[in-house]
Amino acid sequence: MASYGRDSKGTHPSPGRLTGLQRSLRDIFGRGIVADILLWENKILSAAILSGVTILWLLFEVAEYNFITLVCYILCFLMIILFIWSKTAGLIPMSPPRIDEIELSESTCIFVFTNLNWLLKQFYEISCGKNLKLYILILAFLWVLSIVGEYFSSLSLLYFGFLCLETLPALYVRHQEEVDHFAGKSTRDMLRLFNDFNSKVLDKIPRASAKEKKYQ
């Protein structure tokens, strides 16, 4: 029987547990700005990022803008805005942003490179075949992804992956009980089907007895 882990009180949770994770999604995402974005704790920032990525996808895929051309247009627009803003600072109530306000923080860089190193380490360990089942699963996933990539552009696949990453965790947190119940029911149904197949088909396949194997 599948194990679903234990909750904080040391008791077994209900089978409706989706993944049996012993940590919350917020702990997994680092309890920082990334968690706020993916779980929509900061709704303005999350909506702004999703809108910006969607606009970029529409410009590249629908309007068919060239990447270099679009980047140059954006940089030109930003340069004009910053030039006007800095020259009219006395007339506008808001002062232009300082350079230290737009620098990447040290914690953000540490988070990015820490997770990048973790991904590289996991890829190496999986490639070495320490977990054969996971190795085969990853190979199958990459093979299926390569087939899907022949019918969709790389940018569309990246956008779809980003869309899932920014929406599914938040939806799961808001509808956790319903999702866990459905996932637990699906898991039990799959286990029941497998047990039925095992008892009705696999167990009826004739096998050689121990004595027959000995004399073969």
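This is a predicted model, so every value here is computed, not measured.
Rounding to the nearest 0.5 angstrom, the gap separating the CG atom in Leu163 from the CG atom in Leu158 is 12.5 Å. Taking CG of Leu171 as the reference point, atom SG of Cys164 lies at 10.5 Å (rounded to 0.5 Å). Interatomic distance, OG1 of Thr167 versus CZ of Phe162, reported as 9.5 Å (0.5 Å rounding). The distance from the CG atom of Leu50 to the CD atom of Glu166 is 4.5 Å, given to the nearest 0.5 Å. Atom CG in Leu59 sits 12.0 Å away from atom CG in Asn66 (nearest 0.5 Å). Residue Ser46 holds its OG atom at 8.5 Å from CG of Leu39, rounded to the nearest 0.5 Å.
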* Asn42 and Ile37: side chain to side chain contact (heavy atoms under 4.5 Å, CB included), yes or no, with the steps? -> CA-CA 6 Å; Asn42 189 336; Ile37 293 173; 5.7 Å; no
task: Test side chain to side chain donor-acceptor pair (under 3.5 Å) on Ser51 and Thr54 and set out the steps.
output: CA-CA 5 Å; Ser51 301; Thr54 301; over 6 Å; no
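Residue pairs meeting the ring pair (Phe, Tyr, Trp, His ring centres under 6.0 Å) criterion with at least one partner in residues 37-72, sequence neighbours excluded, are Trp57-Tyr159, Phe60-Phe67.
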Please table the atom pairs, donor to acceptor, closer than 3.5 Å between any side-chain atom in residues 121-142 and protein atoms at least two apart or in another chain.
| from | atom 1 | to | atom 2 | distance (Å) |
| --- | --- | --- | --- | --- |
| Ser127 | OG | Phe123 | O | 2.7 |
| Asn131 | OD1 | Lys133 | N | 3.4 |
| Asn131 | OD1 | Leu134 | N | 3.2 |

Give every donor-acceptor pair under 3.5 Å between a side-chain atom in residues 68-84 and any protein atom, sequence neighbours left out.
none

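In the displayed structure, Ile44 atom CD1 is contacted under 6.0 Å by at most 12 heavy atoms of other residues, nucleotides or ligands.
Panel note: side chain Ser146, backbone Trp143; a donor-acceptor pair is recorded below 3.5 Å.
Linking Ile, Leu, Val, Met, Phe, Trp and Tyr whenever their side-chain heavy atoms come within less than 4.5 Å puts Ile55 and Val53 in one cluster.
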